[in-house]
Structure formats: structure tokens, C-alpha cells
Amino acid sequence: MKIYNTMTRKKEEFIPVEPGKVKMYDCGPTVYNYFHIGNARNLLVFDVIRRYFEFQDFQVTYVQNITDIDDKIIAQSIAEGISTEDVTAKYISAFLEDMDKLDIKKPDFQPLATQYIEKMIAFIQSLEDMGAAYESAGDVYFAVEKFENYGKLSGRKLKDLKVGARIEENEQKNSPFDFTLWKNAKPGEPAWQSPWGKGRPGWHTECVVMSRDLLGDTFDIHGGGNDLVFPHHENEIAQGESIAGHPYVNYWLHNGFLNIEGEKMSKSAGNFFLARDILQKYSAEAIRYFFLSKHYRSPIDFNEEIIIQSQAAVKNLYHSLKDIDYLNFSELPQYSALQMELRQQFINVMDDDFNTARALAIVFEAAKEVRNKNLVISERMAYARLMVELGEVLGFFRNLKEKLTDVDNFSAKTASLVEMLISYRQEFKKDKNWQWADRIRNDLAAIKIKLKDTPQGTEWEIEDE
RNA sequence: GGCGACAUCGCCAAGUGGUAAGGCAAAGGUCUGCAAAAUCUUCAUCCCCGGUUCGAAUCCGGGUGUCGCCUCCA
């Protein structure tokens, strides 16, 4: 298996620290707001990577932190007029809810920053003891120039940074690029007691401390959005490797950014989409298809038309399963050489830096064979099994039974009412009373219930929107 | 100023030297009272110019255009 490593800017053969095990860490959200569609990409990408490792029989330990103490949270608590605890409680539960709606599997660990204060203090203390950090007026900073490889992940050199970057005015720092490990609390701010007085940890420290605690001081994969490469991940490396004296992470994975109709998404530009708002209108699987149809490292452009296309594409998959009556298989058919070959192709493309776009194409090829009436039924059923197996690796087909039986959103009573109307329409049709037959069909269509006359009788379904 | 990415059918998108995956949409056939759905069929030579090669969307050089990071940010 080859994965692209931001550190070396090359695809590299994946060799885990411990054979058969994968230890991965993804930088999770800061819970000061509902998460947006750009966050969703990171979450979905790492969900699929995790699922694929599990499919390949790796024993995966997946850690994703939740930052629940931060300047933005304090700002939000003032804006909403509630305590910081209430802010984080509110957005953590919203986060978990939205994750579930997106069919994202729960990480094995979701540590909160506030659960790690003691360990962060001890860690910062060690950095200070070894001379990598210094205190200045109640704040503690990491001395960037003490870490000789600073910039190795992002390909930046301190001297280049000095040329163009806007330099933060802060006379307490020895060097403008030194970053905060511990921040002195202002009156009224949440604070913890520490050797440097009351304060809170800086953002860059929690990921190092948590990952070392849960995954060890060298682990396999660390991920996040592209924008975290510098400075956040760079700063993690500086801390982790200063302490450990050996590599912190073996493979760095970064997903590309999401644009909105070609523009960067930002609140001020008004082109800002929350995941939960999009989920109101479109299915989790449409969103998933949209993201997976593009390679995770490339930038992706979001607009409504694309999601509509994605929704239609996913429907295609379900039609195949309905067509073959997947739910009524008495037992799962064995794969023949044909299915095994397609399955192997799937593995090959996923082994090539998680090429989900090609993987998706393979699922669609299987779906096409499911509907291929020239094949014997056992062969078609085997393709259906394959399609579901591979689709699940990509995170599709959760609650398959409900989706295939349409019981999801409709009460049994609604269903029987529709059936009743259909039977009346049958009577009209028998009498060739097209006017009333069409009126029933049109009126149902107006409330998004679509009728289809097939040789087996009239079928109906609720249209997605 | 420094670093980096990208440009493939109407739309989305894969493809890192061997003759263009897949999805959406569209057109035509079958089916239907008419529809819808389903199904079958059809649908690109890869931004421009030059070079390397038996052979290039794929490599090199030069253009043009788009975007990202360097500051909180997934």
C-alpha cells in the first residue's frame, strides 16, 4: 500500500510501526460552532481511510481530539452570553449528532483538551526544563530556533518566513515565530492552576500530548486539513521531537480544501455552509459521493448542482439492489473469478493513496452487472454482494434494510393511504378514465410521491429532494 | 517576495510513456393510455506553442489561465 506523505512529498510504501496495526490521529474540531462542509471533508476522508485499513484487517486505533478550550470558544461564550462550558457542551453534542448523520464511524478515542490539562502542564514543564521553552510574563513559549529542523514538514525556512509574513507584535517573545504553549488568563477567563500561574494551554500542545498518550511517541499516521501543515503540524513536530528525540509521526496526510463556486468559503463572504444545513436537503450518501468522487488531496469545488448530480448517482446504486431484491437473498452468494478480479482492482486502486474516485467507479461497474439481464441470476447476486461489500468500505449502505424498504420517514398509515389511492386509480384506469387517473398521480406527485406503472403493478416511492 | 497545486466530453471526475475509467445530463430504441421508472444504444484525443520518443493527456522547456499556503482556519 502506498500513501502520499506530506513530509517527503512522495507516495511511500506504508510500513506500520507495529505489523498489523495502524495508529492514526486526526485533528478534530474546535467546538465553538456547528461544523461546516469543509470540516466534513476531513472527517469523511479519514473515515474512509480508517474503514479501508479495517477492511484490510489492520487493527486500527483512531484518535480524534476535540478542542474545548480556546480563544474562539471564549469569544463565542461572550457572543452567546453563556458560559464556556455551555458553549462546548452544546457544540460537542451537535458535532456528535452531525457525525452520526453523515454515517461517520466514531473514532476509538475522542479526548477533550480539558481532560488533558494536567498532562499538558507536565509536558510543557519538560520542554521548559530542557530549554526548549521559556516563560515570559505568565505565558510560556516554545523557542522555535532551538529546534533545528523547524519547517521540515511545510518546506519553510525561518529566514523565508521573515521576508513576507506579517509578524505578530509581541514583545514577550524572543522570536516572532515562537508559539504559545501556555497562556496567562485574563480575569474572568477559564483558567487552571500551573507552575506559571493561572492560565490555559495553547492549541498546539494538546495534539502532541494526547497522541503520545494514546498512540505512543512515534505513530503511523497524522492527518488534518491542508491548512494545518503550517504552523500547527510543524509546531507539533517541534514539540514531539524535542521531547522524544526521534520522529513523531511516520506519515503525514492532508486533505485539500473545499471552495464554494470557486471562492474560498468564509463567513464574511456569505458563502458559508454548515454540514447540518446541507443534510437538511441532501442525503449523507450524496455528500459522501461528492467528496469521494474527487481525490482527497485535490481542492474540491462545492455547489448545489454537484450535490444534485451526486444524489442521482447514489440512487443508481439503490436501484440495482432493489432490482435484484437484495434483501431477500437467503444466503450470500459465493464470489466467482469475475467478482474476485473486480474486488482485487478495488484493492489496487485504494492501495494507491486511497483513490476513491476509481474505487467508486468499480462499485458502479458492479452495480451495472447486477442489472445485466444477460447474466445468470447467481452471478448477478454475487455482484450485488460485492457491490455492498465494497460500498460499505467507502461508508455507503448504512441501514440498508430501511433504505431499501422506504420505511425510513413514513408511517405505515401513510403507506396504506397511498396504496388506497393507487387502488382507486386502478379502477379509473380500468374504465379508461384517464382524467381522474392522472389527477391522482399528479396530486401525489405534487407532494413528492411518485408513481410508476410497471408490468407487476404500480410502484411508488418518495422522491428525494 | 517565498512555497505549492491545478487546467481532460455540456457538468463532476480518473488516468504519471502504449493509444482516453466512472457518474450526472443529453439523444434515439424498447416498454406505457400518456407519463415515470427500468433497460439497450450513442456521446471527448486531453489550455496553447515548441521539444524528447517508434509512441505523450502523461516527460522537458516556454506561454496563458485558475487556485491555495506563508495570519485564526479542516
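For the numbers below, each heavy atom of this structure counts, side chains included, while hydrogens, waters and symmetry mates do not. Residue numbering restarts at 1 for every chain, and letters A, B, ... go by the order of the sequence lines.
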Counting the atoms with a prime plus P, OP1 and OP2 as sugar-phosphate, which does A:L360 contact under 4.0 Å by heavy atoms, base, sugar-phosphate, or nothing? nothing
Can you tell me which nucleotide in B:A74, B:C69, B:A37 comes closest to the side chain of A:R156? B:C69
Does anything in residues 296-306 of chain A come within less than 4.0 Å of RNA chain B? Heavy atoms only, and list the residues if so. A:E305, A:I306
Nearest-Å distance for atom pair NE2/C1', residues A:H254 and B:G68: 14 Å
Could you work out which one of B:A36, B:G33, B:C24 sits closest to the side chain of A:A312? B:C24
If you pin A:Y32 and A:K11 to their nearest nucleotides in RNA chain B, which one's is more 5'? A:K11
Where the side chain of A:N355 meets the backbone of A:R358, is there a donor-acceptor pair that is under 3.5 Å apart? yes
Can you find a donor-acceptor pair, distance only, under 3.5 Å between A:R441 side chain and B:A36 base? no
Please find out if less than 6.0 Å separates the ring center of A:Y91 from that of A:Y34. yes
Is any NZ, NE, NH1 or NH2 atom of the basic residue among A:K183 and A:E189 found under 4.0 Å from an Asp or Glu carboxylate oxygen of the other? no
Per atom distances to the A:D438 side chain, the nearest of B:A21, B:G33, B:A35 is B:G33
Between B:A74, B:G68, B:G33, which one does the side chain of A:L228 approach most closely? B:A74
Could one point to a donor on the side chain of A:N316 or the base of B:G23 with an acceptor on the other under 3.5 Å away? no
So, is A:N259 close to the B:G68 phosphate, meaning a side-chain N or O under 4.0 Å from OP1 or OP2? no
At 4.0 Å (heavy atoms only), tell me whether A:K368 reaches a base, stays on the sugar-phosphate, or touches nothing. nothing
Closest nucleotide among B:G23, B:A74, B:A37 to the A:K450 side chain: B:A37
With the side chain of A:H295 defined as its heavy atoms from C-beta on, choose the nearest nucleotide among B:C24, B:U39, B:A14. B:A14
Would you classify A:G38 as touching base, sugar-phosphate or nothing, given that sugar-phosphate means primed atoms plus P, OP1 and OP2, and contacts are heavy atoms under 4.0 Å? base
Answer yes when A:R398 and A:E285 have at least one side-chain N-carboxylate O distance shorter than 4.0 Å, and no when they do not. no
Base, sugar-phosphate, or nothing for A:L451, non-hydrogen atoms under 4.0 angstrom? base
Report yes or no: is the cationic atom of A:R156 (NZ for Lys, CZ for Arg) closer than 6.0 Å to the six-membered ring centre of A:F230, at no more than 45° off its axis? yes
Check every atom of B:G68, B:C3, B:A14 against the side chain of A:R9 and return the nucleotide holding the closest atom. B:C3
Candidate nucleotides B:A74, B:A37, B:A21, ranked by approach to the side chain of A:H319 - the nearest: B:A37
Spacing of A:K264 atom NZ relative to B:C72 atom P, expressed in whole Å: 12 Å
If you check every side-chain atom of A:F364, which of B:G23, B:G68, B:C72 has the closest atom? B:G23
To the nearest Å, give me how far apart CZ (A:F290) and P (B:C24) are. 17 Å
Please determine whether a side-chain nitrogen or oxygen atom of A:K294 lies at a distance below 4.0 Å from atom OP1 or OP2 of B:A13. yes
Can you find a donor-acceptor pair, distance only, under 3.5 Å between A:E365 side chain and B:G22 base? no
Classify the nucleic acid contact of A:L43 as base, sugar-phosphate or nothing, counting any heavy atom under 4.0 Å across all strands shown. nothing
Under 6.0 Å between the ring centres of A:H36 and A:F273? no
Would you say A:R371 places a side-chain N or O within less than 4.0 Å of OP1 or OP2 belonging to B:A38? no
Rounded to whole Å, OH of A:Y289 lies from P of B:G22 at a distance of 12 Å
Closer than 4.0 angstrom, basic N to acidic O: yes or no for A:K90 and A:E80? yes
Under 4.0 Å between any heavy atoms, over every strand shown, what does A:H232 touch: base, sugar-phosphate, or nothing? Just pick one. nothing
When we call it a touch if two heavy atoms are under 4.0 Å apart, what does A:R425 touch: a base, just sugar-phosphate, or nothing? base
Whole-Å gap separating C1' (B:A74) and CG (A:L44): 12 Å
Please give, in whole Å, the distance from B:A38 P to A:D325 CG? 17 Å
Please determine whether a side-chain nitrogen of the Lys or Arg among A:D70 and A:R200 lies less than 4.0 Å from a carboxylate oxygen of the Asp or Glu. no
Consider the side chain of A:Q309, meaning its heavy atoms from C-beta on, and name the nucleotide among B:C34, B:C72, B:G10 that approaches it most closely. B:G10
At under 4.0 Å between heavy atoms, what does A:A361 touch on the DNA or RNA strands: base, sugar-phosphate, or nothing? base
